[in-house]
Amino acid sequence: MAFTQYHAKYFAHELTKRCSSDSMEKLAGAFVDAQVDLNPHQVEAALFAFKSPLSKGALLADEVGLGKTIEAGLVIAQKWAERKRRILIITPASLRKQWHQELQEKFFLPCTILETRSYKEAVRCGEDRPFEPRDSIVICSYQFARSKAADVRATQWDLVTIDEAHHLRNVYKPANVTANTLKQALEHAPKLLLTATPLQNSLLELFGLVSFIDEHAFGDLQSFREQFAYLNDRAVFETLTWQSQNQTGR
């Protein structure tokens with residue numbers, strides 16, 4: 001069948017139409033070309049990330065092997081389909097090529113790995129803002145994002161995805177320079193945090209991760225300590241669940 005102007009207009013409409021944040025149609029753009037076998041929980045996680053248009057971000061904390069990269073890929077692909085293309089992925093250096101491969105092979109999204117060599121080459125070629133390449137998602141390491149924090153902060157990001165986000169869970173400690181530098185640089189950017197271990201040693205680590213997205217969600221550190229430090233595990237779970245439900249309903 002010939003691909004007519006009518007078909008082009010129809011598909012353009014499907015890709016760009018506005019849908020409610022909890023609708024499957026919200027992810028229409030991401031499904032068009034994606035070469036992935038999706039599981040229901042992955043779709044639900046992606047829709048959760050879109051759930052509140054007023055939210056400053058989301059934390060996806062599925063266990064290892066359940067496809068957090070695919071969940072993030074759905075969100076990124078949908079943003080791309082909506083032509084919101086200032087997208088940054090911050091990941092440990094060892095995972096940069098993996099992210100590049102996953103997004104290209106499964107979602108057909110163009111990506112650029114930004115590191116010291118490519119950054120200097122871009123500057124040498126006259127690019128004054130290497131973090132804003134034309135029509136390309138930027139992938140970089142934690143260390144590089146920290147070293148170029150001024151550039152990161154100067155960019156109006158549509159989405160910043162942070163993999164292995166447990167590296168940021170001690171952001172409430174001034175000694176964690178990388179986490180605090182990135183928090184300031186990404187203060188106004190919508191963020192998607194991925195980690196399989198949001199908690200390891202202390203409930204304060206959850207405070208740290210959530211505060212990285214929205215520092216007002218749990219109040220200040222002292223208030224959080226007073227509210228949760230002396231509760232048993234069941235009471236903590238019930239209190240956090242109640243707060244989450246009430247914030248979602250606002």
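This one's a predicted model, so the numbers in the text were calculated from it and none came from an experiment.
Counting heavy atoms from C-beta outward, T195 and L168 have side chains that stay 4.5 Å or more apart. In this structure the side chain of I162 reaches within 4.5 angstrom of the side chain of L186, judged on heavy atoms. Counting only heavy atoms from C-beta outward, the side chains of L74 and F107 approach each other to under 4.5 Å.
For E132, the salt bridge (charged side-chain N to carboxylate O under 4.0 Å, His left out) test picks out R86, R129, with sequence neighbours left out. Residues passing the ring-ring contact (aromatic ring centres under 6.0 Å, His included) test with F212, sequence neighbours excluded: none. In terms of the salt bridge (charged side-chain N to carboxylate O under 4.0 Å, His left out) criterion, residue partners of D135 (sequence neighbours excluded) are, by chain and number, R85. Scored by the side-chain hydrogen bond (donor to acceptor under 3.5 Å, both in side chains) test, D163 finds W99 as partners (sequence neighbours excluded). Remark: H100 engages no residue in a ring-ring contact (aromatic ring centres under 6.0 Å, His included) (not counting sequence neighbours). Judged as a side-chain contact (heavy atoms from CB on, under 4.5 Å), and not counting sequence neighbours, the contacts of V210 are L206, A217, F218. For R124, the side-chain hydrogen bond (donor to acceptor under 3.5 Å, both in side chains) partners are E121, not counting sequence neighbours. By the side-chain hydrogen bond (donor to acceptor under 3.5 Å, both in side chains) test, Q98 is found to be paired with no residue, residues two or more places apart in sequence or in another chain being considered. Residues satisfying the side-chain hydrogen bond (donor to acceptor under 3.5 Å, both in side chains) criterion with S147, sequence neighbours excluded, are absent altogether.
Heavy atoms only, all atoms of each residue included: P133 and P130 are closest at CD-O, 3.5 Å.
Every pair passing salt bridge (Lys or Arg N to Asp or Glu O under 4.0 Å) that includes a residue from residues 137-156 is listed here, sequence neighbours excluded: R153-E187. Applying the ring-ring contact (aromatic ring centres under 6.0 Å, His included) test to every pair with at least one member in residues 145-186, sequence neighbours left out, gives these pairs: Y142-H167. Sorted by first then second residue, the salt bridge (Lys or Arg N to Asp or Glu O under 4.0 Å) pairs that include residues 111-120, not counting sequence neighbours, are R96-E115.
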With side-chain contact (heavy atoms from CB on, under 4.5 Å) as the criterion, how do I137 and I87 come out once you've worked through the C-alpha distance, each side chain's angles and the decisive distance to 0.1 Å?
CA-CA 5 Å; I137 295 166; I87 299 173; 4.0 Å; yes
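Listed for the S136 side chain is a donor-acceptor partner under 3.5 Å among the backbone atoms of T112.
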